[in-house]
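Comments concern the structure below.
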Amino acid sequence: MKKIIAITLCMAMTAMMLVGCGAAKEAAPAETPAAEATAETPAVETLTAGKLIVGTNAAFPPFEYVGDDGKPDGFDMALIKAVGEKLGLEVEIQDMEFSSLVTSIGSKIDCAIAGMTVTEERKQMVDFSDSYYEAVQFVLVTADSDIAASADLSGKNIGVQLGTTGDFIAQDIEGATVNSYDKAVDAVNDLVNGRNDLVIIDKNPALVFESNFEGKVKAIDGAQFEFEPENYAIALPKDSALTDAVNKALEEIKADGTFDALVKQYIEEN
Ligand code: ARG
């Protein structure tokens, strides 16, 4: 009996829709009650409908930092907003510890953009978009330091940001004591006050810190220490339709000049 009422109700609603709404002709055939919902389902599924919840660690200039208004800003933030626009999703940024990003993907956040290097270990847990930037680790030392080659790194106190590729490189350096920090700037502060002999961090943040700590620290190209180039990409849940959609958006953003404009604005003019 209940079933019959439900079906009748459903038919009545469908009939009302057909009568009351001029667009009914274009709507999917209304055989099932689900047809109505299907028409509104977005192209890609996210944790919260209509939203792209993005994790970052906003302590990594020029890719992400907290702006004067207290909100995350930087190249990655601008890039992911452009991606969200292409996907018709409202971007919500969640600032968290870098080392928590990968494990939060798919549960707390839809994806992460954080100057994150594609690595084999991370690929066990997440998928990556196409790469959008090439980087390399740099070495920050005090202005008067003679550290200049791989052999000079062994046995040193090395500051890194926890869970980063700089951290992984430092762990492999013979006899080194690795001091890890939640924020890279704290590693640099401890370089200036003598607790660290060097800091290993990505090129662009290294250059920003070199200029912010002008005269106190110098940045050395990681090629001098035989560090390999790295590629940044957006981390996404494994086997998600979101990855293709994000890649398509990135392609469009590159083709229409937005990408180059953002590189100029956030990276080259800094
Ligand atoms: N590229 C390095 C990595 O993937 C460092 C990234 C740090 N990013 C940040 N937003 N703190 O491990």
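Both counts, for ligands and for their atoms, begin at 1 and track the order of listing.
Taking the six-membered ring where the residue is Trp, the centroids of Tyr232 and Phe63 are separated by under 6.0 Å.
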Using atom types as modelled, flag every donor-acceptor pair under 3.5 Å from a side chain in residues 78-94 to any protein atom, sequence neighbours excluded.
unit_1	atom_1	unit_2	atom_2	d
Lys86	NZ	Asp256	OD2	3.2
Glu92	OE1	Lys51	NZ	2.8

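Residues with a heavy atom under 4.0 Å from ligand 1: Asn57, Phe60, Glu64, Phe98, Ala114, Gly115, Met116, Thr117, Arg122, Gln161, Thr164, Thr165, Asp202, Tyr232.
Chaining together hydrophobic side chains whose heavy atoms lie under 4.5 Å apart places Met116 alongside Ile53, Met96, Phe98, Leu101, Val102, Ile105, Ile109, Val118, Met125, Val126, Phe128. Grouped by direct or indirect side-chain proximity (heavy atoms under 4.5 Å, Ile/Leu/Val/Met/Phe/Trp/Tyr only), Leu47 sits alone.
Heavy atoms of other residues, nucleotides or ligands lying less than 6.0 angstrom from NZ of Lys216 number 12 at most.
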Worksheet item: Given Asp197 and Lys156, is the salt bridge (charged side-chain N to carboxylate O under 4.0 Å, His left out) satisfied, shown in steps?
Response: CA-CA 6 Å; Asp197 300 309; Lys156 295 287 195 301; 5.9 Å; no

